[in-house]
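Here, residue 1 is the first one in the sequence, and each next residue gets the next number.
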Amino acid sequence: MSDASGPVQATGWAEKFEELADSIPVLRGYRAKEKFRDADKLLREHTVGRINAVKNALERIKSERVESGKLSMLDLLDKLTRKLDRVRDTHRFAAYGYSGYFDPQKIKEPQLAALYDYDRKILDLVEQLVLEADAWAKADLPDPEIKNRIHEFDGSIDRLEQFAGLRKDSFNQI
């Protein structure tokens, strides 16, 4: 954008607007909550990406089994990927910690921070699954060991699903 005297510089206007907004107590609190919500949403989107990495590792395992003619246990591997899809979608669309202006229970910054910490713990569990899945995808295991690995992995996904499912309860107790 320019005018008769040359280009108009927009530098600093956003910062000045933010300073003005932060000088108003109601807006300052609102903006702080929004930052927590945005950070939590980004964390959960990252977690969803990491769950997809686990799923991709399982898909590689299935592909390798198909290519080598080992069709047994594909149904069990499919069950694992379906469970991961369910956990991923539940986590992706979980509540962001919003409350309406007239809601009787207001959500404050410490509650949003606790929610972020809970989501961070979910990411830690997912990262453990990523490590397990990557190690499994690289290993050439015989069928009896694959069956054991599927059982162990299923238990790990169940623990993640249970912990992620408790997020809503912890949110209500915060």
Side-chain angles (χ1 to χ4, degrees), residues 31-100 103 105 107-174:
R31 286 174 37 82
K33 288 178 187 177
E34 281 302 306
K35 288 178 185 178
F36 272 117
R37 289 183 189 110
D38 290 345
D40 188 57
K41 183 178 180 183
L42 288 172
L43 173 62
R44 286 189 299 124
E45 285 299 321
H46 176 71
T47 302
V48 164
R50 299 305 287 157
I51 291 171
N52 285 334
V54 174
K55 186 179 173 186
N56 291 340
L58 291 176
E59 293 294 340
R60 285 194 311 270
I61 292 166
K62 288 193 301 189
S63 294
E64 289 170 10
R65 291 190 64 77
V66 168
E67 288 173 11
S68 64
K70 299 177 184 177
L71 302 180
S72 66
M73 292 181 263
L74 289 178
D75 57 334
L76 296 174
L77 289 165
D78 280 336
K79 180 183 169 193
L80 292 179
T81 57
R82 284 192 308 272
K83 272 183 148 179
L84 281 171
D85 284 341
R86 187 173 58 238
V87 171
R88 178 198 62 207
D89 292 344
T90 299
H91 190 61
R92 174 184 284 152
F93 300 114
Y96 291 112
Y98 284 98
S99 64
D103 286 351
Q105 180 182 8
I107 298 168
K108 303 201 184 304
E109 290 88 353
Q111 294 166 311
L112 291 171
L115 191 61
Y116 181 86
D117 289 342
Y118 198 89
D119 286 340
R120 182 70 193 157
K121 291 174 187 171
I122 291 173
L123 176 61
D124 291 343
L125 291 173
V126 170
E127 289 298 344
Q128 290 173 4
L129 279 177
V130 170
L131 293 174
E132 287 179 42
D134 284 344
W136 183 8
K138 293 175 186 171
D140 185 24
L141 303 173
D143 279 0
E145 220 173 301
I146 290 276
K147 192 168 187 172
N148 288 339
R149 186 69 61 102
I150 288 172
H151 181 70
E152 291 170 8
F153 207 76
D154 190 40
S156 295
I157 294 172
D158 284 343
R159 284 187 292 281
L160 172 64
E161 186 173 32
Q162 182 180 13
F163 191 75
L166 293 174
R167 179 185 189 273
K168 183 177 181 182
D169 295 337
S170 74
F171 179 73
N172 291 332
Q173 294 173 358
I174 297 174

If we only count heavy atoms from C-beta on, is the [X] to [Y] side-chain gap below 4.5 Å?
X      : Y      : result
Arg88  : Asp85  : yes
Val54  : Gln128 : no
Lys62  : Asp78  : yes
Ile51  : Thr47  : yes
Asp40  : Leu112 : no
Ile122 : Tyr118 : yes

**Prompt:** Rounded to the nearest 0.5 Å, what separation is found between the CG atom of Leu74 and the OG1 atom of Thr81?
**Reply:**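 It is 10.5 Å, given to the nearest 0.5 Å.
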
**Message:** Please identify which of these residues, Lys83, Arg86, Arg167, meets the salt bridge (Lys or Arg N to Asp or Glu O under 4.0 Å) condition with Glu161.
**Reply:**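 For Glu161, the salt bridge (Lys or Arg N to Asp or Glu O under 4.0 Å) test succeeds with only one of Lys83, Arg86, Arg167, which is Arg86.
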
**Request:** Sequence neighbours left out, what pairs pass ring pair (Phe, Tyr, Trp, His ring centres under 6.0 Å) with at least one residue falling in residues 137-156?
**Result:**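 For residues 137-156: Trp136-Phe153.
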
**Request:** Hey, could you give me each pair passing ring pair (Phe, Tyr, Trp, His ring centres under 6.0 Å) that has a residue in residues 65-92? Not counting sequence neighbours.
**Result:**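 For residues 65-92: none.
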
**Request:** Answer yes or no: is there a donor N or O on one side and an acceptor on the other, between the side chain of Asn56 and the main chain of Asn52, under 3.5 Å?
**Result:**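 Yes.
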
Is [X] salt-bridged to [Y], cutoff N-O under 4.0 Å?
X      : Y      : answer
Asp134 : Arg60  : yes
Arg65  : Asp143 : yes
Asp75  : Lys79  : no

